[in-house]
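To start, the structure itself, in structure tokens.
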Amino acid sequence: MSVGQTIKHKAQAFKGRVTERIGRTTRNRRLQREGRTDRVSGNLKQSGDKAKNAFRH
């Protein structure tokens with residue numbers, strides 16, 4: 001996978017973590033859900049990239 005995709009997925013996971021934390025602080029359940037969704041999605045994409053790289057080599 002390209003370096004750009006890796007950075008994009010890590011940024012998505014980080015953005016989700018921040019959004020989730022803001023939602024938790026402000027007690028906003030919608031922000032918590034959105035943050036959790038972004039975080040999990042970014043982590044899954046990273047895992048997929050790692051699996052692709054493992055089979056590539």
remark   = Per side-chain contact (heavy atoms from CB on, under 4.5 Å), Gln32 is matched among Arg27, Arg21, Arg24 by Arg24

key: Rounded distance (nearest 0.5 Å) linking atom CD of Glu20 with atom OG1 of Thr25   = 10.5 Å

message = Please evaluate residues Arg39 and Arg36 with respect to the criterion side chain to side chain contact (heavy atoms under 4.5 Å, CB included), reporting the C-alpha separation (whole Å), side-chain torsions for both, the decisive distance (0.1 Å), and the verdict.
response = CA-CA 5 Å; Arg39 180 176 51 85; Arg36 192 175 313 120; 3.5 Å; yes

request  = Treating Ile, Leu, Val, Met, Phe, Trp and Tyr as nodes and any side-chain heavy-atom pair under 4.5 angstrom as an edge, say whether Ile22 and Phe14 lie in one connected cluster.
outcome  = yes

remark   = Closest non-hydrogen atoms of Gln46 and Ala13, given as atom of the first, atom of the second and distance, are NE2-CB, 3.9 Å

message = Please find the pair of heavy atoms, one from Leu31 and one from Thr19, that lie closest to each other, and give the distance.
response = O-CG2, 3.6 Å

Salt bridge (Lys or Arg N to Asp or Glu O under 4.0 Å) partners for Arg30, two or more places apart = Glu34

ask   = Got a second to check how far Gln12's CD is from Asn43's CG, nearest 0.5 Å?
value = 9.0 Å

inquiry  = Using 0.5 Å steps for rounding, measure from the NZ atom of Lys45 to the NZ atom of Lys8.
reply    = 6.5 Å

ask   = Looking at Asp49 and His9, what are the two nearest heavy atoms and their distance?
value = OD2-ND1, 2.8 Å

